[in-house]
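One structure is given here, and the rest of the page talks about it.
Naming: A, B, ... by sequence-line order, numbering from 1 per chain.
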Protein chains: 2
Amino acid sequence: MANIDCERLAEHSATAKRAKEGILSGTDLARVCRIFQLLSDPGRLNIVYALMKGEMCVHHLTEVCGGTVSAVSHQLRLLRENGIIKAKRIGQHMEYSIADEHVCEIVALAVKHLECEVD
Amino acid sequence: MANIDCERLAEHSATAKRAKEGILSGTDLARVCRIFQLLSDPGRLNIVYALMKGEMCVHHLTEVCGGTVSAVSHQLRLLRENGIIKAKRIGQHMEYSIADEHVCEIVALAVKHLECEVD
DNA sequence: TGAATATTTGAACAACTATTCAAGTATATT
DNA sequence: AATATACTTGAATAGTTGTTCAAATATTCA
């Protein structure tokens, strides 16, 4: 029997069809998720956010972001392995810098939108 | 003794000072991380991406995103508790939709940038 | 009221992740 | 060569997270 919801549910069905057609491929999905995952840790986000201000060595990054040098180093490795940052040796020091500007834009957008929210 | 790195290291130090001044506050950092964390799971990202196409009920979402109804429901709860989506009862169904357009923009940017990459 | 459909929920379990600590490598200085 | 500084790495551990399964709730319809 036709009830008041039929129209709305038909729309849902049409939306589902469109959504199914436009779904992200397995590899695209995995790549986008991986980026978000890397940015989901406070330590790593701090590092990326700090490097957006300029190049720095591990000691300075640790000073800015807190924690131990070892923990920061582990996080730097993850970010580097995933192409978000890059490293260059300068004598005894390693100079870290941003490798993927796209990721910076995503971070900048997220921070900007956060500040828009009124709660 | 002055070596070739001094200038660069002095720059690092100045960058560190700037980075320290501009660091995200504890709560801002946590909120941005939380958003990224919610988007870092393939199931949840699929859900958000699907809802960007329009409103849908749990059954349709499960059809689009795969997995079991229970798993999708658990993920919907997390997204809802964090204000990313909202729900409305329509008879026996729940109609889920986007609550935070900012998050959609972040997802859209991430997907768009992914497609720019040449590798 | 009772059966059917749609969704939620809690508990348990397996998989993953971040940190710590100790030991390792790399470079510079003496 | 020996020491100091800067950083990395591996293993262990504790905490977190996603999924599953079974049971519960909510609504509709006969």
Side-chain angles (χ1 to χ4, degrees), chain A residues 1-6 8-9 12-13 16 29-30 33-48 55-82 85-97, chain B residues 1-6 8-9 12-13 16 29-30 33-48 55-82 85-97:
Chain A
M1 219 163 289
N3 70 22
I4 203 164
D5 303 335
C6 272
R8 183 114 56 162
L9 291 174
H12 289 184
S13 195
L29 183 69
C33 284
R34 186 68 181 146
I35 289 169
F36 285 138
Q37 189 197 30
L38 288 162
L39 299 174
S40 72
D41 176 74
R44 285 193 300 266
L45 187 61
N46 256 339
I47 288 171
V48 173
E55 303 158 341
M56 268 179 283
C57 67
V58 178
H59 171 76
H60 282 133
L61 276 171
T62 304
E63 205 175 83
V64 172
C65 303
T68 66
V69 170
S70 178
V72 169
S73 184
H74 276 295
Q75 291 163 336
L76 286 168
R77 182 174 47 80
L78 277 178
L79 290 168
R80 182 147 63 128
E81 282 173 355
N82 287 273
I85 63 174
K86 56 184 193 284
K88 182 182 179 180
R89 182 169 279 284
I90 309 275
Q92 288 165 287
H93 302 263
M94 294 296 281
E95 180 179 82
Y96 280 92
S97 57
Chain B
M1 220 164 288
N3 71 21
I4 202 166
D5 303 335
C6 272
R8 182 114 58 162
L9 291 174
H12 289 184
S13 196
L29 184 68
C33 283
R34 185 67 180 147
I35 289 169
F36 286 138
Q37 188 196 31
L38 288 163
L39 298 174
S40 72
D41 175 72
R44 284 192 300 266
L45 186 61
N46 256 337
I47 289 171
V48 172
E55 304 158 342
M56 266 179 284
C57 67
V58 178
H59 172 76
H60 282 134
L61 276 170
T62 304
E63 206 175 82
V64 172
C65 302
T68 66
V69 171
S70 177
V72 169
S73 184
H74 276 297
Q75 291 163 337
L76 286 169
R77 181 175 47 80
L78 277 177
L79 290 169
R80 182 146 63 127
E81 282 172 356
N82 286 274
I85 63 175
K86 58 182 190 287
K88 181 182 177 179
R89 183 169 278 282
I90 309 275
Q92 287 165 287
H93 303 262
M94 293 295 281
E95 182 179 81
Y96 279 92
S97 57

Rounded distance (Å) that lies between atom [atom2] of [N] and atom [atom1] of [X]:
{"X": "A:E63", "N": "D:dC7", "atom1": "CD", "atom2": "P", "result": "11 Å"}
{"X": "B:K88", "N": "D:dT27", "atom1": "NZ", "atom2": "P", "result": "15 Å"}
{"X": "A:L61", "N": "D:dT8", "atom1": "CG", "atom2": "P", "result": "10 Å"}
{"X": "B:L79", "N": "D:dG18", "atom1": "CG", "atom2": "P", "result": "10 Å"}
{"X": "B:I47", "N": "C:dT7", "atom1": "CD1", "atom2": "P", "result": "13 Å"}

If each end axis of the helix from C:dT1-D:dA30 to C:dT30-D:dA1 is fitted on five C1' pair positions, the angle between them, to 10 degrees, is 20°
Salt bridge (Lys or Arg N to Asp or Glu O under 4.0 Å) pairs touching residues 66-82 of chain A, sequence neighbours excluded, are A:R77-A:E81
Quick note, salt bridge (Lys or Arg N to Asp or Glu O under 4.0 Å) partners involving residues 37-48 of chain A, not counting sequence neighbours, are none
The side chain to side chain donor-acceptor pair (under 3.5 Å) partners of A:N46 (sequence neighbours excluded) come to none
When every non-hydrogen atom of A:A87 is compared with those of A:Y96, the smallest separation belongs to CB-CE2, 3.5 Å
Smallest heavy-atom separation, A:R89 atom then A:G91 atom, equals NH1-O, 3.0 Å
One should read off an interatomic distance between A:L38 CG and A:C33 SG, to the nearest 0.5 angstrom, of 11.0 Å
Exactly one of A:E95, A:E55, A:H60 clears side chain to side chain donor-acceptor pair (under 3.5 Å) with B:H12, and that residue is A:E95
Can you give me the N/O atom pairs linking the protein to nucleotides 2-5 of chain D at distances under 3.5 Å, or say none if there are none?
residue, atom, partner, partner atom, Å
D:dT5, O2, A:Q92, NE2, 3.0

Going 5' to 3' through nucleotides 8-21 of chain C and flagging B where a protein heavy-atom sits under 4.0 Å of the base, S where only the sugar-phosphate is that close, and - otherwise, we get BBB------SSSBB
